[in-house]
Amino acid sequence: MQIITEPAEMQVIAEKLRLNRQLIGVIMTMGALHEGHLSLVKLARESAGTVILTIFVNPIQFGPDEDLHRYPRPFEQDVALARSAGVDYLFAPEASSIYPDHFQTTLQCGKLGEHFEGKQRPGHFNGVATIVSKLFNITKPHRAIFGEKDAQQLAIIRQLVTDLNMDITIVPAPIVREENGLAVSSRNIYLSSDERHKAGIIYQVLCHAEKRMAGDEKNLQSIAQEVEEMISSTPGCRCDYVIFVDEKSFELAEKAEQGREYRLLIAAFCGNVRLIDNVKIRA
Ligand code: AMP
């Protein structure tokens, strides 16, 4: 595995790979690699000849009160994990080479970036869309694998690729979970062992919602309310939002139509740690 830090060098390598008819798959991460990230690498390995993993903690997607400087950066451990997972190129640039002085062009996601996570974190998805576009231009992938864990981000990236005519296939990857169902996340290290145990409630309520819909409940608002109550009655846990969206448009959904797909999105606090999770459900 080769480690590259300069965007221009990565571009030259990517261009050569393309000229040699290599299918490039990219996985973009902020590091602190875990099983979730490694499952994306596995998917890329299965469908692409060359796998590029990027590690970059993107400053412009963090708000002023967020954890940019606290974000874990165990680089040596990440290198070892990426190598053993079969990554060919690890692209890990410095912030100064991605955002040099006088950098000024950013992307605007529109409506899709304003709701849910975007409401909680204004400007977050514009920062995500900007870095994802830059990393696409640097790594020149044919395929890019993104986790369903960040469902709104995935929807925004699909829209970005369509709107800007990018010739890249977006491949969604299923959510990897811990034994109690808690979605694996770099932020889980901030949970105490008691909070980690209690955070299993989020997966339980996702399963509850699936059962309610399988039982033919069409009122999505009342399912959301049940879910909210289940979470808030768990000591130390509270909801930020519980929302059903239409899987295709990502717009708020209130009543389910037979055969249509929806996504239940949850953001909840366990202690002081904000966790997000979701599930796709067909009515
Ligand atoms: P992050 O480093 O948190 O920005 O995540 C990088 C990529 O890994 C994103 O596409 C995430 O959706 C994906 N990812 C993070 N956690 C998981 C998980 N538990 N299961 C699947 N994909 C994940």
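This one's a predicted model, so the numbers in the text were calculated from it and none came from an experiment. Counting starts at 1 for both ligands and their atoms, following the listed order.
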Check whether the side chains of Tyr241 and Glu117 place a donor and an acceptor atom closer than 3.5 Å, and report yes or no.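 Judged by distance alone, the side chains do pair up.
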Hey, are the side chains of Ile276 and Leu265 touching, using non-hydrogen atoms and a 4.5 Å cut-off? no
Does the side chain of Val227 reach to within under 4.5 Å of the side chain of Ile266, using non-hydrogen atoms? yes
Given that the side chain starts at C-beta and the backbone is N, CA, C, O, which of these parts of [X] lies under 4.0 Å from ligand 1, counting heavy atoms, or is it both or neither?
X	answer
Met30	both
Leu40	side chain
Pro174	backbone

Report, in ascending order of atom number, the atoms of ligand 1 lying under 4.0 Å from any heavy atom of [X].
X	answer
Ile175	20 (N), 21 (C)
Val184	16 (N), 17 (C), 18 (C), 19 (N)
Phe146	10 (O)

Contact between Ala32 and ligand 1, counting heavy atoms under 4.0 Å?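 No.
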Hey, is Arg121 close enough to Glu66 for a salt bridge, meaning N to O under 4.0 Å?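 Salt bridge between Arg121 and Glu66, a charged N being under 4.0 Å from a carboxylate O: yes.
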Is there any N or O on [X] that sits under 3.5 Å from an N or O of ligand 1?
X	answer
Met28	no
Lys149	no
Asp150	yes
Gly147	yes
Gly31	no

Ignoring hydrogens, just give me the one of His37, Glu35, Arg177 whose non-hydrogen atom is nearest atom 1 (P) of ligand 1.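 Looking at heavy atoms only, His37 sits closest to atom 1 (P) of ligand 1.
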State which residues pass salt bridge (Lys or Arg N to Asp or Glu O under 4.0 Å) with Asp216; sequence neighbours excluded, sorted by chain then number.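 So Asp216 forms a salt bridge (Lys or Arg N to Asp or Glu O under 4.0 Å) with Lys218.
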For Thr234 and Cys237, indicate whether the former's side chain and the latter's backbone hold a donor-acceptor pair under 3.5 Å. no
Leu182 CG to Leu191 CG distance, which is reported to the nearest 0.5 Å: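 Nearest 0.5 Å value for the CG-CG distance: 6.5 Å.
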Using the rule given for side chain to side chain donor-acceptor pair (under 3.5 Å), can you reason through Tyr99 versus Asn58, listing the C-alpha separation, both sets of side-chain angles and the distance that settles it, and then say yes or no? CA-CA 10 Å; Tyr99 300 116; Asn58 179 32; 2.6 Å; yes
Contacts table for residues 21-33: side-chain donor-acceptor under 3.5 angstrom, sequence neighbours left out:
| unit_1 | atom_1 | unit_2 | atom_2 | d |
| --- | --- | --- | --- | --- |
| Gln22 | OE1 | Thr50 | OG1 | 2.7 |
| Thr29 | OG1 | Gly31 | N | 3.0 |
| Thr29 | OG1 | Thr54 | O | 2.9 |

